[in-house]
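Residue indices begin at 1 and follow the sequence shown.
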Amino acid sequence: MTAPSAGPSAGAGFPLDLNLDAPDKIARWRPLVHWLLAIPHLIVLYALGIVEGVVWILAFFAILFTGNMPESFFGIIVMVHRYQWRVASYVLFMREQYPGFEFPTAGTDPATDPAHLSVEPAPKLSRGLIFVKWLLAFPHYIVLLFLFIGVYVVGIIGFFAVLITGKWPEGMRNYIVGVIRWANRVSIY
């Protein structure tokens, strides 16, 4: 039985759609080893984070001079966010299926993994807004800081819940997915 664990429709009206379509039942031993099994993915994520940082800088100048983000830059940024979500959903033992080492750069998720992340590209970007977008997102960062403290606490409670019951409590899992969805939307903005 697969329970929809990501809450209400994730993409309604937003350019980013993040969801998790995995059963909420997890083998009780998984929280003890998922972090260990994810080490190869974490190493890849570290390298992809460096690449993404370089692409963000190049995209900044591309938007500044042309008003558009090159499709290849957009694809790399979406790919890194998608891969981060897939690895995070595994490390947080929210699913049993091991994430593949797949790097699709399309904005629309190919749906080969239970953790879905799709992003629609903006048709036109403002050259001047790139200087103040970080300022407009600042209140989100402050709220997300406190919400991620909650994610940490919920993750610890979820760890013991899965160890004891073999199932993620639905509300807690939805909370974590919701906070990660919000953080990704702010990051894509």
Check against side-chain contact (heavy atoms from CB on, under 4.5 Å), N174 and I176: CA-CA 6 Å; N174 288 344; I176 291 175; over 6 Å; no
All salt bridge (Lys or Arg N to Asp or Glu O under 4.0 Å) counterparts of R86, not counting sequence neighbours: E102, D109, D113
Value rounded to 0.5 Å, distance of CH2 in W182 from CZ in F148: 10.5 Å
Expected output: side-chain R82 to main-chain L117 donor-acceptor under 3.5 Å: yes
Within-4.5 Å side-chain heavy-atom neighbours: V80 and V51: no
Qualifying ring-ring contact (aromatic ring centres under 6.0 Å, His included) pairs, either residue in residues 99-121, two or more places apart: H41-F101, Y83-F103
F159 vs L32 side-chain heavy atoms within contact, under 4.5 Å: yes
Spatial distance of atom CZ (R95) from atom CD1 (I26) [nearest 0.5 Å]: 9.5 Å
Whether Y175 side chain and L147 backbone form a donor-acceptor pair below 3.5 Å: yes
M94 side chain reached by V177 side chain, heavy atoms, under 4.5 Å: yes
Beyond-backbone contact of Y90 with R30, side-chain heavy atoms, under 4.5 angstrom: yes
Qualifying residues under ring-ring contact (aromatic ring centres under 6.0 Å, His included), relative to Y152, sequence neighbours excluded: none
I63: side-chain contact (heavy atoms from CB on, under 4.5 Å) partners, not counting sequence neighbours: M69, L125, I130
Fellow cluster residues of I39, listed by chain then number, with links counted only when side-chain atoms sit under 4.5 Å apart: W35, L36, I43
With E52 via side chain to side chain donor-acceptor pair (under 3.5 Å) - residues at least two apart: W56, H81
Side-chain heavy atoms of N184 within contact of V119, under 4.5 Å: no
I180-I156 co-clustered via ILVMFWY side chain contacts under 4.5 Å: yes
Cluster link F160 to M172, ILVMFWY, side chain under 4.5 Å: yes
Pairs touching residues 139-167 that satisfy salt bridge (Lys or Arg N to Asp or Glu O under 4.0 Å), sequence neighbours left out: D24-K167
V78 versus A106, closest heavy-atom pair with distance: CG1-O, 3.7 Å
Over all atoms of both residues, closest heavy-atom pair of A183 and L144: CA-CD1, 3.7 Å
Transitive ILVMFWY side-chain link F138 to V186, under 4.5 Å: no
Check: Q84 and L48 side chains under 4.5 Å, non-hydrogen atoms: no
Set of side-chain contact (heavy atoms from CB on, under 4.5 Å) partners for V54, sequence neighbours left out: L58
Counterpart residues, side-chain contact (heavy atoms from CB on, under 4.5 Å), relative to F61 (two or more places apart): I57, L64, F65
Side-chain heavy-atom pair W29, L163 within 4.5 angstrom cut-off: no
Side chain E96, main chain A27, donor-acceptor under 3.5 Å: yes
From L16 atom CG to R181 atom CZ, the distance as rounded to the nearest 0.5 Å: 9.0 Å
Any R173 side-chain heavy atom under 4.5 Å of L20 side chain: yes
W85 backbone acceptor or donor facing S89 side chain under 3.5 Å: yes
Distance in Å, L42 CG paired with L37 CG, rounded so as to fall on 0.5 Å steps: 11.0 Å
Qualifying residues under side-chain contact (heavy atoms from CB on, under 4.5 Å), relative to L135, sequence neighbours excluded: none
With W168 via ring-ring contact (aromatic ring centres under 6.0 Å, His included) - residues at least two apart: F93
